[in-house]
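Order of the sequence lines fixes the chain letters, A, B, ..., with proteins taken first and strands second; residue numbering starts at 1 for each chain.
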Amino acid sequence: MFKKDPFLLILTILLIIFVIWKPSILREVPLFIEYNTLIVLSTFMLITKGIEFSGYLNQVTDKFINRVKTEKGIAFSLIFIELLISPFITNDVSLFLIIPITLSISKRIDLDIEKLIIFEIWAANIGSSLFPIGNPQNIYIYQSFSMSFFDFVWKMVPFEIINATLLIIVIYFSFKKTEIKIKPFVPIVKNRILFIVSIFLFFTSIFLINYKFQIWALIITGITYLIINKRIIYYGINLNLLLIFVFLFILIGGVKEIRVIDGMLSSIRNIFISSILLSQVISNVPTALLFSHYTTSYTQLLYGVNVAGNGTMISSLANLIGIRLGIVSIKRFHLYSIPFLGISTLLLYLYIYYI
Amino acid sequence: MWEKEPTLAIELVKKAKGDFFIGNPFKRAHPHGRVEVKIPLMYNGFVLDLIHFDPIAWSVLPKGIPGVMGGSELLIDLQKIKEEVENSLKDLMVLEGVEFREPEDAWVVPCAFKKLIIAHIRVSADGRALVPDYHATSEMRMNV
């Protein structure tokens with residue numbers, strides 16, 4: 001488990017050191033863990049898997065790709081699909097789906113595939129920001145600040161428009177109008193019942209979570225998948241991610257009880273910029289968990305941790321997945337992502353403070 | 001009576017074969033020294049099957065022999081193995097025979113390389129769509 005997940009390994013080591021240094025933390029562990037976040041995370045892990053295993057997302061992708069006739073068209077289609085599906089199935093799962101498709105297209109046409117994959121990683125981070133369930137930090141902030149689903153989406157619409165527009169401009173100038181011909185993919189098997197049930201569970205869960213019945217959302221989702229497709233239960237729950245959250249809750253709960261650190265964090269004035277900077281070093285999920293205790297401005301925190309994901313390779317888990325899956329050069333990734341982060345930070349800063 | 005769907009299934013795999021590609025290999029060391037090197041055979045976002053590789057004899061393994069004894073896990077160069085299997089992919093043969101697996105409700109089309117069956121590709125019962133190997137897909141993702 002640890003061998004496959006270095007982040008979990010680092011957290012475990014930190015936690016052991018912390019417990020040795022401050023054993024009293026053990027008494028408070030149950031109080032630090034935010035159970036509702038874990039419940040919501042588990043619910044949407046299952047639904048995401050249900051939607052993915054239904055095979056319908058592949059059909060959507062194939063339909064888009066079969067219609068395009070230029071290199072620019074291919075890039076736009078893949079990015080558009082990524083923006084469209086990542087809010088529903090999370091940024092990392094959408095990359096697991098789109099990057100292999102991109103690699104398979106690259107076998108048929110001559111395209112700067114590395115550049116396209118970097119843009120797909122950005123699109124996954126940008127698209128997933130729109131919904132509370134799009135990425136782990138959103139699920140946490142959504143739960144932690146007791147926002148309604150629609151409030152959350154409404155807050156994120158400007159973020160989405162600014163970043164998606166910027167991405168579209170970058171893509172427009174990055175690919176040529178060279179004509180290409182792509183032969184259609186052979187279809188992947190589809191499961192209509194699984195798709196319909198997953199969509200139904202998606203909306204039912206949002207409704208139940210909105211009215212604070214998180215546990216019922218998980219129970220209904222779990223039992224439904226147990227009846228119609230047990231594999232979803234088996235493959236859907238990402239235990240590593242749940243453990244990461246539990247360890248982070250404990251660590252952050254302990255850290256903020258240290259007076260010096262608590263004082264330092266309380267004195268932070270600009271959560272938007274601070275969360276962007278810290279995310280570049282410790283990733284955006286821990287940053288969201290840490291800073292949520294020190295701000296009431298969830299918009300700044302949401303914008304900060306979400307835009308931060310398009311920075312260094314460790315600023316978002318999706319970046320690491322994308323880089324390894326698409327075999328992207330780390331140097332090239334940063335060569336593109338750091339300027340993109342700079343421009344989108346500037347635009348969002350202007351929006352937050354001057355509009 | 002038993003001709004239409006099997007023929008469709010075989011033709012479908014032949015049609016898709018040109019777009020098969022190799023995902024990132026991963027390795028697993030078992031107690032008592034057995035080492036498995038697994039290479040995802042992928043299509044359109046999913047793993048179709050895992051190909052096994054012998055890092056000592058430097059060749060793909062037939063289905064049924066998932067690993068070898070005595071390989072030092074640390075010395076295995078996964079990138080080189082990936083390149084080797086990628087090069088072999090053009091010689092992958094879709095065999096003219098199928099079996100039906102009732103629990104999966106799918107036809108299984110064997111694919112061979114140098115007389116060894118190295119992959120089983122699942123095709124839906126009507127012979128019109130590929131069936132991903134969800135277990136292998138999850139395993140591959142855990143190892144990214």
Q. Which region of Asn44(B), side chain (C-beta onward) or backbone (N, CA, C, O), has a non-hydrogen atom less than 4.5 Å from a non-hydrogen atom of chain A, or is it both or neither?
A. both
Q. Which of parallel (below 30°), tilted (30 to 60°) and perpendicular (above 60°) describes Phe131(A) and Phe88(A)?
A. perpendicular
**Q.** Best-contacting candidate, Lys49(A), Glu52(A), Lys190(A), against chain B by heavy atom pairs under 4.5 angstrom
**A.** Glu52(A)
Q | Contacting moiety of Asp62(A), where chain B heavy atoms sit under 4.5 Å | A | side chain
Q. Top residue by heavy-atom pair count (under 4.5 Å) with chain A, among Asp126(B), Val131(B), Thr137(B), Leu130(B)?
A. Leu130(B)
(Q) Please report whether the ring centroid of Phe64(A) lies less than 6.0 Å from that of Phe80(A). (A) yes
Q: Using a strict cut-off of less than 4.0 Å between a Lys/Arg side-chain nitrogen and an Asp/Glu carboxylate oxygen, indicate whether Arg141(B) and Glu139(B) qualify as a salt bridge.
A: no
Q: Can you tell which part of Ile327(A) gets under 4.5 Å to a heavy atom of chain B, answering side chain, backbone, both or neither?
A: side chain
Q: Measure distances from Arg128(B) to the heavy atoms of chain A and classify the residue's part below 4.5 Å as side chain, backbone, both or neither.
A: backbone
Q: Give a yes or no on whether Lys82(B) atom NZ has more than 12 heavy-atom contacts from other residues, nucleotides or ligands under 6.0 Å away.
A: yes
(Q) Salt bridge or not between Glu36(B) and Lys27(B)? Use side-chain N to carboxylate O under 4.0 Å. (A) no
Q: Just give me the residue among Asp19(B), Leu12(B), Val13(B), Val123(B) that pairs up with chain A most often, heavy atom to heavy atom, under 4.5 Å.
A: Asp19(B)
Q) Heavy-atom distance under 4.5 Å to chain B: side chain of Arg231(A), backbone, both or neither? A) side chain
Q | Non-hydrogen atoms of Glu71(A) and Phe175(A) that approach each other most closely | A | OE2-CD2, 3.6 Å
Q. Among Val186(A), Ile99(A), Leu97(A), which has the most heavy-atom pairs under 4.5 Å with chain B?
A. Val186(A)
Q. Taking the six-membered ring where the residue is Trp, are the ring centres of Phe21(B) and Tyr43(B) under 6.0 Å apart?
A. no
Q) For Phe20(B), is it the side chain, the backbone, both or neither that has a heavy atom under 4.5 Å from a heavy atom of chain A? A) backbone
